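Below is one structure, written out as structure tokens, with a few remarks after it.
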Protein chains: 4
Amino acid sequence: MTVFEDLESEVRSYCRSWPVVFDTAQGARLNDVDGRSYLDFFAGAGALNYGHNPPKLKGPMLEYLAKDGITHGLDMYTVAKGEFLHTFEELVLRPRDLEYKVQFPGPTGANSVESALKLARKITGRESIINFTHAFHGMTLGALSVTGNSMKRGGAGIPLVHATPMPFDNYFDGTVPDFLWLDRLLGDAGSGLNYPAAVIVETVQGEGGINPARVEWLQGLADLCHRHDILLIVDDVQMGVGRTGPFFSFEIAGIRPDIVCLSKSISGYGLPMALTLIKPEYDQWGPGEHNGTFRGNNLAFVTATAALREFWSDDVMQRSTIAKGERTEAALTELAAESSVVELTPKGRGLARGLAFSQPELAAKSCAAAFGRGLLMETSGPSDEVMKIMPPLTITDAELEEGLAIVRDSVLATLEGVSA
Amino acid sequence: MTVFEDLESEVRSYCRSWPVVFDTAQGARLNDVDGRSYLDFFAGAGALNYGHNPPKLKGPMLEYLAKDGITHGLDMYTVAKGEFLHTFEELVLRPRDLEYKVQFPGPTGANSVESALKLARKITGRESIINFTHAFHGMTLGALSVTGNSMKRGGAGIPLVHATPMPFDNYFDGTVPDFLWLDRLLGDAGSGLNYPAAVIVETVQGEGGINPARVEWLQGLADLCHRHDILLIVDDVQMGVGRTGPFFSFEIAGIRPDIVCLSKSISGYGLPMALTLIKPEYDQWGPGEHNGTFRGNNLAFVTATAALREFWSDDVMQRSTIAKGERTEAALTELAAESSVVELTPKGRGLARGLAFSQPELAAKSCAAAFGRGLLMETSGPSDEVMKIMPPLTITDAELEEGLAIVRDSVLATLEGVSA
Amino acid sequence: MTVFEDLESEVRSYCRSWPVVFDTAQGARLNDVDGRSYLDFFAGAGALNYGHNPPKLKGPMLEYLAKDGITHGLDMYTVAKGEFLHTFEELVLRPRDLEYKVQFPGPTGANSVESALKLARKITGRESIINFTHAFHGMTLGALSVTGNSMKRGGAGIPLVHATPMPFDNYFDGTVPDFLWLDRLLGDAGSGLNYPAAVIVETVQGEGGINPARVEWLQGLADLCHRHDILLIVDDVQMGVGRTGPFFSFEIAGIRPDIVCLSKSISGYGLPMALTLIKPEYDQWGPGEHNGTFRGNNLAFVTATAALREFWSDDVMQRSTIAKGERTEAALTELAAESSVVELTPKGRGLARGLAFSQPELAAKSCAAAFGRGLLMETSGPSDEVMKIMPPLTITDAELEEGLAIVRDSVLATLEGVSA
Amino acid sequence: MTVFEDLESEVRSYCRSWPVVFDTAQGARLNDVDGRSYLDFFAGAGALNYGHNPPKLKGPMLEYLAKDGITHGLDMYTVAKGEFLHTFEELVLRPRDLEYKVQFPGPTGANSVESALKLARKITGRESIINFTHAFHGMTLGALSVTGNSMKRGGAGIPLVHATPMPFDNYFDGTVPDFLWLDRLLGDAGSGLNYPAAVIVETVQGEGGINPARVEWLQGLADLCHRHDILLIVDDVQMGVGRTGPFFSFEIAGIRPDIVCLSKSISGYGLPMALTLIKPEYDQWGPGEHNGTFRGNNLAFVTATAALREFWSDDVMQRSTIAKGERTEAALTELAAESSVVELTPKGRGLARGLAFSQPELAAKSCAAAFGRGLLMETSGPSDEVMKIMPPLTITDAELEEGLAIVRDSVLATLEGVSA
């Protein structure tokens, strides 16, 4: 481990909670160099919805490598990209009656967010963006400017000034009508709000503490954007690709965002890849106006195509995710009921689940306890008060039960320490 | 090809010059779906210094995949990352007597630039950056703000205001002493210049038209930064990893930048990966202050390690690159001498070469003519006036000659059209 | 009148509503070149609280001019400035138990606002400011950035980005607890709000439509600033110097702002002059860090001193203003009750009064009707929906009645046109 | 003096150099409360070109006050404003064949600069401005952003980012062709310069150290602006109204700026007043788009009109100013020749003169020595290295000689201390 401490920057983070050296991984299990195995309730921060090294995706990748398929293609036409586009159209867009042009904005979620913000500004000629409390959209300067966390914002070293935060759903626990503030500001020429180009929103805030927005709130937001002539950008980087059940997390609300950001699990294999989906009338880019060296990661196109075929040809995955999510919720609700010392609140949608602690520091302690029991989990939320439960969607029922039991043991052991 | 035109965004660019569908590639050759083969003087915009799918790197990657090595690791400790760090230290840093901490800032060059700018601002408490005319550093908002191209800057949709451009070497063809303007402004408390945190520079501007800075200029810049207490960031994303001969393009000047950005060819296989190298005293990041989902692309770590071992255990590659570069320069010089109609100027260093046309539009025409003859080349420069010659460093001498002959034919054929 | 149309910029504004050429003025009356007289319910936009050319102030000014007292003094020590400071201390600060250092920031209210914002940023090291919906603070770039009106903001030609608007009192008609949004954002490190240096507020918004904040709201705001370590700036440019009754408009709430902006009526004679009052612990300016050519308008110091002595040695003026304000309110309430067609809402505090029309355009029509009857009034409010009633505080009771009768006639005549 | 130290903010500045209390003033003489008299080589920082309380202007002002002429008029039509406009047209614009619309932007030079920048941005739709090294344009946020002094810029508390400084004339002592850098950047789409709306320039930099731009440089700048479609703004706040000889300081170059800023001496009596002159085709303001309470200072209009009639009906003043300037230059040149210890450099144009010291701190010492001898002078320049010689233009020849003799004595006495 010395090599990391000697050579790697102090910026490293996850490894501080999990001070072991990982080696191999399959499905919902990782193994370290000492042969210890870990169950995975983390899923690569949402980039491994199909688990580690899914065999049905590995096969096509190995074949592609074997035949020396183009690996790095920028935005050249390639067979692998063509097949991905065709499959995405056939299995994702058309069945949902969605019409989008596809941009490959670079390989990360932040690339997709950056391209979405640029395009929204170009389309409208306005510069300001509305973001939401506890939002997370990435760490490059544009994406960071619409992110809520003050420590991360401070890292910019310059004032981040082109976004105005608005209350996410339930920010006031239902005591204030939805969009009261935003709707009023937008309709008031004396409000002092810089009229925005777009709203950017996550349907379920991941880093923000696994906060789902209600369906009615999302519908209200789409309606507000329409009424005020503002673009609606859904950042589905973490919650898309089935994390909440359906392929797109916004399907549940029946809305049609103007721009959608996808990344993380889209390649299916944890390979860097991102998409920006744009309503055709808004595809107003000039050639090369946004680019990036790694926007043509053809290995990722191959595994992404295989993943769509394997998991999205029918609704088996979607139903299974919802069922596993309900089982998880039930287990967390039961656990919450057992705690008399500390208030525990189950949160989430689909297999994006969280357990919020009224004493924030206990979330990290419980995660540490879980790690000691061989389960990988991280915290999220503005005070890191939420244990984040994000297993691969492909986790088996038995593994899910095993993990939930460890969660229960870890939390109870942690609480025991508190009450003592 | 319909699938691309129907589904892909209008932002697509390279495919407009090369309207074929590529399928496979090996070394310096690509093949399209119709079985036509292309020689590669483009090298994935600098991301394929070792050519397409280099067998010595493919082997380790296939092994790693076969054993289900961790693919996606964020900043967890993994065997693959440890081996990369160890190898990088052993084969790159130590032999050059360089001491750097290594940050994995996300998988793209822009991620590295963004992290470098953030860190420089954090270290100094200043917000402004000095960049250079014709610079290119990327398309995310921070990176774009230090990029020169006005079309790409315009894409931001907001004023890009935290950088001040200064003349790159030879901007005035040697008629003005180096750094006259910058040095004076920095020493003058009434100059109106916002005192900068850092200077960011490419030693050879790639997108800027294959412009090498002279060794003395680079040394002068390092000295100026030192005298004025400003950090020096070298963006070696395109020119590093041997493109100009030595591993780092700045070695030739004997300077030691405070921060170095690496990406593109660092993985060796065209896989998304980037590094930010930081002098130990400047590694002032807090844990997690900058992060990113794909900063732990372990497949890339595997190929990067293999590439270092294969190509950087001795100086064979470096000497070969310099020799091929000289051969290329000689061929271009000869070609330039043949043109009486249009002025042709050979430019570059190592195997980053260019041929500038006094009539800019002839560069694109010559590239198109080369494509018709089975050679991939792109233009660069502020007016796209330069044919860019960037073959894989591993190109054989025979392939290089073949390509140079096509360049010659293509240029002469284009010029004939002009003189006619 | 041709000379104005030929030579003066299109930016001119009041003269478009009152297309006559004014010549002389005394007390609450102006006279035009054709000998017509106008009663003044406008008071120089609040700069003539003691009426036109008040004789008790004119005398000292004439004496000062006669003896060739220094007219223009920058920030040199002068007898006139010393007497003003002494008198201000004796008659304004000490009796109210207020301790402030006095800055002469330049001769306009905007100068005072600019200096207040700069100083708050310097003190806190933060750059952002909280302003309120419908705020007006001036037209220079800093002051404009905290102003609400979108037409005026648009005039900046650059994004105004360092302020975030919050709801002024009653923005939601009492349906939302005071400061719900602001208080929550400030206490939430994940809110995305740039933590502010200061809040800037008017106790009664003048341009914003003669909106008074409730006493409890002002007290709540002062408390919120204290709890969150934010400076409180009261812009008393229009509402200070007795307009609402007491010398400072915030006295009614018993709060002690950290910085106070004064201008408009402070000189008493309509001469350009402004003050920035700073709590001693916050007087962290370096010498000359903010300056301005006309910050030492000694004629204004002379009349300002005379005004303080004449009007603020006792509480006669304050009581009279409150009484006249109550009489005005009663008249407006009576008038409002007469209207069955359009909803009329009396607003205001002291002698800052307004009559809001549910059909905004009728306010301007009523003002035009009043002008036709020899009464000067302007509109205010985000939709110009308010007739603004701001007579000199020294108006006689008879003049006040005369004016209120004209208001009544003008409004009723206008409404007749509507119902017809 | 206690009252100032007790009550006035630490920001006060001139009074620290001249710790006496001034009382009365006439022509080129001020008197303090102790009956001591001072000769004035300062002229209210350029606001008193006609000396203190000029009798020919005082008469009309007293008459106007006596008849209760309107004092405070905002942008209402008034007799006093009409007479000023008419006279300005007749005596200033028409004889010089200049066509400008006149805006009253508020009473200070900074108001004029703010309005000029806003208008230039509105006209062009661009946000960036080109300013010059050592420029001074004012202290409000917009004006400060085009000012060079880093201490004053730092006072803003936010990054000042919408201007890029360029070298003023002679910044490189003639070793570099004029506008080499700016011209090249503007013509290069890859330069990274945000294309500017306007250039703002002083023809002689006052605060910048009494630096005159050569006539050819000013002509070159006007030509450059024309060629690149950028507006030319001349800030003639300090150097206009005859300071350099002609009414406008740019007349000497025969150029016609698109926008001109005037203030300081325009009222003639040291009263706050400013003008923005706009070429008719650029008068694109909407009504009220820029405003300000004290833009209608009618006392100032009265004295300004009287001043134009008194001093600008013929060329006596202009010729006298040039002659006095030449006499001053001769005296300074002679003095410079006497110094063997320190290099002294006479600078300036007309009666804007300076003496630069190669050891900057000696300039302040010499000014202090002059004050001890009864002469008011201040320093200027980026290192306060220049003794600034700006007497009233109406100074008598005898007074000028008296002052120059004191300058000589003071400098020589100071130098004696050095050589000792």
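Chain letters run A, B, ... following the sequence lines, proteins first, then strands; residues in each count from 1. Keep in mind it's a predicted model, so treat the numbers as computed, not measured.
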Who wins among C:G292, C:A110, C:G286 for the most heavy-atom pairs under 4.5 Å with chain D?
C:G286
Considering residues, nucleotides and ligands other than C:E99, do more than 12 of their heavy atoms fall under 6.0 Å from its CD?
no
Contact class of C:F84 relative to chain D, heavy atoms under 4.5 angstrom:
neither
Please classify the contact of C:V21 with chain D as side chain, backbone, both or neither, using a heavy-atom distance under 4.5 Å.
both
Taking every heavy atom of C:S13 against every heavy atom of D:P287, the minimum-distance pair comes out as CB-C, 4.5 Å
Between D:L48, D:V3, D:N291, the one whose heavy-atom pairs under 4.5 Å with chain C are most numerous:
D:N291
Non-hydrogen atoms of chain D under 4.5 Å away: do they reach the side chain of C:L30, the backbone, both or neither?
side chain
In this structure, CD1 of D:I70 is separated from CG of C:D23 (nearest 0.5 Å) by 7.5 Å
For D:F136, is it the side chain, the backbone, both, or neither that has a heavy atom closer than 4.5 Å to a heavy atom of chain C?
side chain
Out of curiosity, D:H72 NE2 to C:N53 CG, how far, rounded to the nearest 0.5 Å?
11.5 Å
Chain C contact via D:A143 - side chain, backbone, both or neither, heavy atoms under 4.5 Å
neither
Which bit of D:A45 is near chain C, if near means a heavy-atom gap under 4.5 Å: side chain, backbone, both or neither?
both
In terms of heavy-atom pairs under 4.5 Å with chain C, which of D:E89, D:K67, D:M61, D:K101 leads?
D:K101
Checking heavy atoms, do the side chain of C:N297, its backbone, both or neither come under 4.5 Å from chain D?
side chain
I need the minimum non-hydrogen distance between C:F294 and D:M273, along with the two atoms involved.
CE1-N, 4.0 Å
Which residue in the set C:T140, C:L144, C:I158 passes side chain to side chain contact (heavy atoms under 4.5 Å, CB included) when paired with D:K118?
C:L144
Applying a strict 4.5 Å limit to non-hydrogen atoms, the region of C:E114 in contact with chain D is side chain
What heavy-atom pair brings D:L141 and C:G142 nearest, and what distance separates the two atoms?
CB-N, 3.4 Å
What is the distance from atom CG of D:L299 to atom CG of C:L299, rounded to the nearest 0.5 Å?
7.5 Å
Residues D:H52, C:T71; criterion side chain to side chain contact (heavy atoms under 4.5 Å, CB included); working and verdict
CA-CA 7 Å; D:H52 294 266; C:T71 298; over 6 Å; no
Engaged part of D:E83 at the chain C interface, taking heavy atoms whose separation is under 4.5 Å:
neither
When rounded to the nearest 0.5 Å, the distance separating CD of C:E10 from CD1 of D:I278 is 10.0 Å
Where does C:L74 contact chain D at under 4.5 Å (heavy atoms): side chain, backbone, both or neither?
side chain
Are D:K81 and C:F22 close enough that some pair of their side-chain heavy atoms sits under 4.5 Å apart?
no
Donor-acceptor contact present, side-chain D:K58 to main-chain C:L65, <3.5 Å:
yes
May I ask you to name which of D:D32, D:L7, D:L117, D:N111 has the most heavy-atom pairs under 4.5 Å with chain C?
D:L7
Distance, nearest 0.5 Å, that separates CD of D:Q284 from OG of C:S9:
10.5 Å
Mind running side chain to side chain contact (heavy atoms under 4.5 Å, CB included) on D:Y77 and C:E5 for me, showing each step along the way?
CA-CA 10 Å; D:Y77 296 150; C:E5 280 157 14; 4.3 Å; yes
For chain D, the option from C:K122, C:H290, C:H86 that forms the most heavy-atom pairs under 4.5 Å
C:H290
Donor-acceptor pair, distance only, cut-off 3.5 Å: does the side chain of C:E289 make one with the backbone of D:V11?
no
In terms of heavy-atom pairs under 4.5 Å with chain C, which of D:L271, D:T276, D:T108 leads?
D:L271
Whether the side chain of D:D75 engages the backbone of C:Y14 through a donor-acceptor N/O pair (distance < 3.5 Å, no angle test) should be reported.
yes
Tell me, for D:N298 versus chain C, whether the close heavy atoms (under 4.5 Å) come from the side chain, the backbone, both or neither.
neither
Could you tell me which portion of C:A66 (side chain, backbone, both or neither) has an atom closer than 4.5 angstrom to a non-hydrogen atom of chain D?
backbone
Measure the spacing between OG1 of D:T24 and OH of C:Y64 and express it to the nearest 0.5 Å.
8.5 Å
Heavy-atom pairs under 4.5 Å with chain D are the metric here; pick the option from C:D6, C:N31, C:L85, C:L62 that has the most.
C:L85
Side chains of C:T293 and D:Q238: closer than 4.5 Å at any heavy-atom pair?
no
Using non-hydrogen atoms only, which part of C:R16 is less than 4.5 Å away from chain D: side chain, backbone, both, or neither?
side chain
Among D:G82, D:A120, D:G157, D:C15, residue most engaged with chain C (heavy-atom pairs, under 4.5 Å)
D:C15
Contacting region of C:F42 [heavy-atom separation from chain D under 4.5 Å]:
side chain
Picking from C:A156, C:P105, C:P159, C:G73, which has the most non-hydrogen pairs under 4.5 angstrom with chain D?
C:A156
Okay, D:F104 and chain C: the region with an atom under 4.5 Å from a heavy atom over there is side chain
Heavy-atom contact with chain C under 4.5 Å, split by part of D:V20
backbone
